[in-house]
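All chains are named by letter (A, B, ...) in the order of the sequence lines, taking the proteins before the strands, and each is independently numbered beginning at 1.
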Amino acid sequence: MKSAVVVFPGLNRDRDMIAAIEKIGGTPPAIVWHKDAELPDVDLIVIPGGFSYGDALRPGAIAARSPIMDVIRERAERGVKVLGVCNGFQILTEAGMLPGVLMRNASLRFVCREIKLKVANANTAFSNRYADGQIIRCPIAHHDGNYFADAETLQSIEDNGQVVFRYAEGTNPNGSLNDIAGITNAAGNVLGLMPHPENLIEPEHGGEDGRGIFAGLLT
Amino acid sequence: MTLRNDIEITPELVADHGLKPEEYQKILDLIGREPTFTELGIFSAMWNEHCSYKSSKKWLRTLPTSGPRVIQGPGENAGVVDIGDGQAIVFKMESHNHPSFIEPYQGAATGVGGILRDVFTMGARPVAAMNALRFGEPDHEKTRHLVSGVVAGVGGYGNSFGVPTVGGEVQFDRRYNGNILVNAFAAGLADTDKIFYSKAKGVGLPVVYLGAKTGRDGVGGATMASAEFGDDIDEKRPTVQVGDPFTEKRLLEACLELMATGAVIAIQDMGAAGLTCSAVEMGAKGDLGIELDLDTVPVREERMTAYEMMLSESQERMLMVLHPEKEAEARAIFEKWGLDFATVGKTTDDLRFRVFFEGEEVANLPIKELGDEAPEYDRPWVEPAKPAPLGELPHMDVADALLGLIGSANHASRRWVYEQYDTLIQGNSLQTPGGDAGVIRVEGHAQKALAFSSDVNPHYCEADPFEGGKQAVTECWRNLVATGAEPLAATDNLNFGNPERPEIMGQIVMAIKGIGEACRALDFPIVSGNVSLYNETNGQGILPTPTIAGVGLIEDRAKSARNAFAAEGQPILLVGAPAIWGSHMGQSAYLRDLFGRNEGPPPAVNLDHEKKAGQFVLGLIREGIATAVHDLSDGGLALGLAEMAIKGGLGATVNQLNDIDPVPTFFGEDQGRYLVTVNLDPQGDEMRALWKRAEAAGLFAPWIGVTGGDALKLGEARAISVEQLQEAYEGWFPGYMGATVN
Amino acid sequence: MKARIIVTLKNGVLDPQGQAIEGSLKSLGFAGVDSVRQGKVFDVELSATDPGSATQELESMCEKLLANTVIENYTVEIIG
Amino acid sequence: MKARIIVTLKNGVLDPQGQAIEGSLKSLGFAGVDSVRQGKVFDVELSATDPGSATQELESMCEKLLANTVIENYTVEIIG
Ligand SMILES: Nc1ncnc2c1ncn2[C@@H]1O[C@H](COP(=O)(O)OP(=O)(O)O)[C@@H](O)[C@H]1O
Ligand SMILES: [Mg+2]
């Protein structure tokens with residue numbers, strides 16, 4: 001399974017993501033600078049977390065409009081899997097590849113802590129190493145993770161099983177509607193996720209609950 | 001605004017620049033003529049307290065700054081310490097007190113930005129940050145706003161830049177009401193053979209400006225007073241610097257990329273007094289002159305004058321001397337990252353600092369004398385009077401006292417603060433804030449880890465600056481030891497009031513003496529630091545606050561320790577205890593926070609004892625005998641036990657000594673003590689062997705209790721459930737801050 | 001030429017910042033505040049000289065970048 | 001009563017957000033953009049009925065919370 005990590009200026013969890021992919025998948029991902037002309041032929045494209053363009057305007061807004069996103073969109077339409085974590089999720093929503101928006105946390109504060117995630121749909125390429133309803137631990141670190149979509153959109157993503165991860169009861173850290181932490185597109189091959197599974201993959205991280213997402217994708 | 005260079009130099013103007021008449025006379029003698037306006041600005045920048053350390057230099061020189069592992073001590077952007085395997089840890093701490101009081105978010109943010117730049121200027125990738133914050137009393141009308149803004153600013157910058165915050169301090173006291181302290185620490189990793197310095201080498205080489213454009217940020221109040229404002233200026237010019245972590249992150253990546261090409265001869269970040277300080281330092285250190293052409297400096301505002309460009313404190317800028325043949329390659333790297341790159345001058349052999357602007361020479365000064373001849377003062381000082389002995393000890397129920405302390409402003413959990421910081425980024429955090437020290441693993445190394453802690457007890461320092469200075473160093477050292485780290489070296493951030501007052505100068509002198517003594521005894525050299533003076537409002541100085549931040553090395557991270565009770569039924573030892581476990585109540589948290597009394601002498605620090613206790617604890621951790629370790633500091637045994645119980649979600653039953661007042665036992669702040677839980681049978685041979693070892697080391701390590709259950713029971717006092725402790729501990733900060741908006 | 005663009009949230013879209021500010025104003029004693037919604041202003045300087053085409057250009061900037069039209073409205077005004 | 005408050009950065013204060021937006025607009029092909037500065041809008045509904053005292057109240061909100069007067073200016077306008 002070949003993968004690529006796309007890097008925009010201002011991202012800062014790119015190194016964490018690259019390390020996670022290499023540790024779990026065994027081979028390092030291709031690293032693609034946002035201005036590179038070519039995106040290699042891969043099965044998985046990952047957009048990591050950070051503050052692309054300093055989160056100016058709206059998080060992810062500027063990165064979402066860079067030319068490489070057209071290439072990524074086109075690959076996604078051909079079925080290539082795309083994973084956006086944190087800022088990556090924000091970029092995917094801004095690019096229109098995922099529905100809804102990620103607004104400022106209800107507390108208005110940045111929040112970094114461990115939360116619990118409930119697997120809402122284990123029947124996706126991103127979650128098939130987990131069981132439906134399983135509760136896993138996962139760290140978060142974001143300022144804008146408050147998922148919002150209009151009632152109609154929300155209904156449709158719920159009905160289609162596009163909600164893959166929810167903050168487990170009592171741990172919603174940001175005010176997200178329906179406790180949404182991660183969703184896919186309608187086709188199920190693009191996942192956006194606010195939490196950072198890449199920071200919980202080794203015993204030294206204090207746990208390995210985040211591995212499943214990568215293990216399912218990379219092997 | 002027109003701000004001309006032919007402006008007349010009046011005594012008022014000189015005074016506005018913070019220069020004393022004798023200092024101005026020194027300038028006249030040095031250059032043999034009246035300075036130009038730009039030159040006056042340059043002198044004021046170079047000769048102010050912040051850059052010249054004129055009040056503290058004499059005393060700073062007495063600090064121990066070298067050791068077998070020290071690669072670079074004070075004098076560069078940051079200290080450099082060898083951690084083996086060809087790697088070094090590069091670190092420093094710096095204050096941003098005044099700017100943070102004026103504009104808490106930006107002040108704190110740019111403080112973090114500045115210290116990160118100091119670290120990566122030396123070729124190190126930042127891997128850990130800390131912040132030591134001191135605010136006024138919680139009830140003061142400004143405090144909430146300042147807490148909210150400073151914390152958001154520290155996080156806003158560090159989180160975007162991408163460095164994990166692994167520790168810090170937050171304290172409240174009335175004495176910081178009008179003058180908060182924001183001390184920021186950063187550490188980075190570098191290869192020992194790829195460290196970069198600020199000393200320029202070679203004549204006729206390009207001096208290159210990198211990073212963000214220059215604006216009028218931070219151009220001092222003196223300029224405002226002396227500026228002629230044009231009609232178009234309808235607002236007072238802001239002097240607040242605004243930070244841009246997005247630019248800083250790109251600057252980091254571009255600098256590291258550039259350094260790898262071998263193009264860099266010398267590099268210096270532009271911090272206080274930006275272009276002036278950085279250019280003069282690079283030249284003076286290299287015994288070279290520097291010539292700058294200001295028409296080539298990238299600016300973001302119109303009609304900037306030479307004076308403004310020389311004094312601007314715009315953030316995210318660097319100055320380098322480059323190998324000329326690599327200039328094109330270097331430019332390409334900076335353009336890739338979307339940053340300014342401009343050749344703004346060259347090195348010369350005339351030892352002059354010459355500045356040109358619009359075809360005119362606006363400064364021509366002897367470069368070495370600008371730094372070397374800066375005034376240095378041996379300010380009069382008086383040794384602070386020793387505090388009166390403690391009067392009668394007020395009494396309170398032990399359980400009530402513990403609950404009172406653990407739910408109070410200065411002892412409650414700091415979670416509300418550190419959850420606003422990214423503590424996990426880079427994926428190497430082994431111990432995040434909340435422990436005795438932050439711990440990160442050394443990326444790519446199978447076993448090593450580094451520990452970081454920042455400490456000082458300003459109340460101890462006020463009561464006795466010498467003992468307080470010693471104690472700050474020792475507490476930092478102890479915190480590192482408690483994680484299993486060998487303390488390597490430290491940085492200091494000396495925050496005091498007005499040094500022109502002999503009592504304050506006395507605090508400074510005695511604190512530095514105490515710090516020096518402790519550092520020498522503990523082999524814990526000071527490799528970098530910063531002095532912040534004149535922290536006072538309306539003649540009332542802050543509490544003397546010499547913050548010490550230290551770094552320790554854990555050779556094998558599988559053998560480290562945490563401060564949470566680990567399992568039921570484990571004996572608790574009080575390593576390093578005096579015969580009656582605890583006794584010293586002077587300047588204790590018990591007296592201050594429960595009875596409002598700042599009284600008595602602070603506890604004395606016995607450095608010989610500290611060393612022995614530390615070595616003993618390190619041994620227990622490395623041999624895998626210790627299952628949890630926590631050093632004791634303010635709040636004493638009771639607070640230490642409660643913290644271990646809360647962190648571990650596990651209770652304990654602790655004895656008390658017959659016929660002995662339980663208050664000093666549980667709340668005394670005797671130094672040199674650690675709580676250690678062990679996985680040994682208290683009746684068994686191994687335990688006896690442990691006590692033999694302690695005895696041989698001259699230490700008392702009484703078995704004071706055992707972990708277990710869901711409550712903490714201290715001697716005869718009523719048991720308090722861990723849940724209740726937790727509520728009190730976690731409740732204060734969120735309750736206090738409520739729904740504040742940054 | 002100078003222009004001012006104002007971007008506001010559509011009705012019905014959650015506004016966590018506005019809500020928090022409203023709460024904070026109330027706790028500061030401003031009792032008469034019924035609601036607060038927060039938006040953005042962009043002051044843009046353009047080299048264009050024709051207001052008509054400038055307005056078109058500004059609207060196109062809003063559509064393409066400055067507003068997220070799923071949740072935001074915008075207005076454009078030439079101010080000098 | 002409805003009011004609109006506009007908070008903008010003072011001249012000379014660095015605006016990293018505005019700069020990033022300006023860069024993005026240029027790379028999207030809007031060549032004629034000379035500068036972008038970003039500010040905030042607050043649309044406030046008040047129960048007050050007297051415009052004079054409402055304006056005073058709004059100004060006081062700006063001083064106390066909505067604007068950071070060290071680096072920002074504000075304007076208050078009653079719009080209905
Ligand atoms: N209290 C101190 N103890 C030891 N060294 C100090 C102290 N204060 C400053 N220094 C050293 O003096 C040098 C100049 O400090 P400073 O002006 O703060 O650095 P910068 O120019 O990078 O801001 C640095 O090398 C710093 O480490
Ligand atoms: Mg420096």
Side-chain angles (χ1 to χ4, degrees), chain B residues 1 99-107 109-110 113 141 144-145 148-149 152-153 156-157 160 212-219 224 232-250 299-304 308 312-317 338-340 740-742, chain D residues 2-47 54-77:
Chain B
M1 178 161 63
S100 302
F101 187 73
I102 304 287
E103 208 308 88
Y105 185 97
Q106 293 298 345
T110 51
E141 54 175 11
R144 257 190 206 88
H145 162 73
S148 167
Y157 208 102
S160 306
K213 292 190 199 311
T214 297
R216 292 189 172 93
D217 320 44
V219 178
M224 296 236 259
D232 53 336
I233 304 298
D234 53 358
E235 60 194 30
K236 198 167 155 242
R237 283 213 174 277
T239 59
V240 173
Q241 302 128 269
V242 171
D244 177 8
F246 173 51
T247 295
E248 179 116 322
K249 166 73 168 147
R250 289 179 293 154
V299 289
R300 66 158 210 273
E301 292 188 69
E302 286 168 29
R303 289 179 292 143
M304 284 193 67
E308 292 170 322
S312 162
E313 295 189 350
S314 290
Q315 301 289 297
E316 294 94 21
R317 302 178 302 159
L339 296 165
D340 271 293
T740 42
V741 176
N742 295 319
Chain D
K2 284 187 188 173
R4 172 162 280 181
I5 293 170
I6 293 190
V7 175
T8 52
L9 283 174
K10 290 186 180 173
N11 281 331
V13 174
L14 178 69
D15 177 13
Q17 301 259 332
Q19 277 179 2
I21 294 166
E22 182 183 323
S24 177
L25 284 172
K26 284 191 178 132
S27 68
L28 286 173
F30 296 101
V33 176
D34 292 335
S35 99
V36 179
R37 306 268 295 165
Q38 181 174 337
K40 291 180 199 142
V41 186
F42 300 96
D43 286 328
V44 184
E45 297 206 24
L46 295 168
S47 24
T55 304
Q56 258 184 2
E57 177 114 339
L58 290 160
E59 282 171 356
S60 154
M61 291 179 200
C62 289
E63 292 287 334
K64 288 207 179 127
L65 183 73
L66 300 178
N68 177 347
T69 51
V70 180
I71 53 172
E72 292 171 331
N73 293 322
Y74 59 86
T75 60
V76 166
E77 192 191 354

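Results of the salt bridge (charged side-chain N to carboxylate O under 4.0 Å, His left out) test with Arg216(B) over Glu301(B), Glu302(B), Glu313(B) single out Glu301(B) as the only residue that passes.
Residues of residues 24-37 of chain D having a heavy atom under 4.5 Å from any heavy atom of chain B: none.
One N or O on the side chain of Glu72(D) and one on the backbone of Asn68(D) form a donor-acceptor pair closer than 3.5 Å.
Of all non-hydrogen atoms in Gln241(B) and Thr110(B), the two that sit nearest each other are O-CG2, 3.7 Å. Here the shortest heavy-atom pairing between Ser314(B) and Asp217(B) reads OG-OD1, 2.9 Å.
If you measure heavy-atom distances from Gln17(D) to chain B, you find no contacts under 4.5 Å at all.
The OG1 atom of Thr75(D) sits 5.0 Å away from atom CD1 of Ile6(D), with the distance rounded to the nearest 0.5 Å.
By the salt bridge (charged side-chain N to carboxylate O under 4.0 Å, His left out) test, Arg250(B) is found to be paired with no residue, residues two or more places apart in sequence or in another chain being considered.
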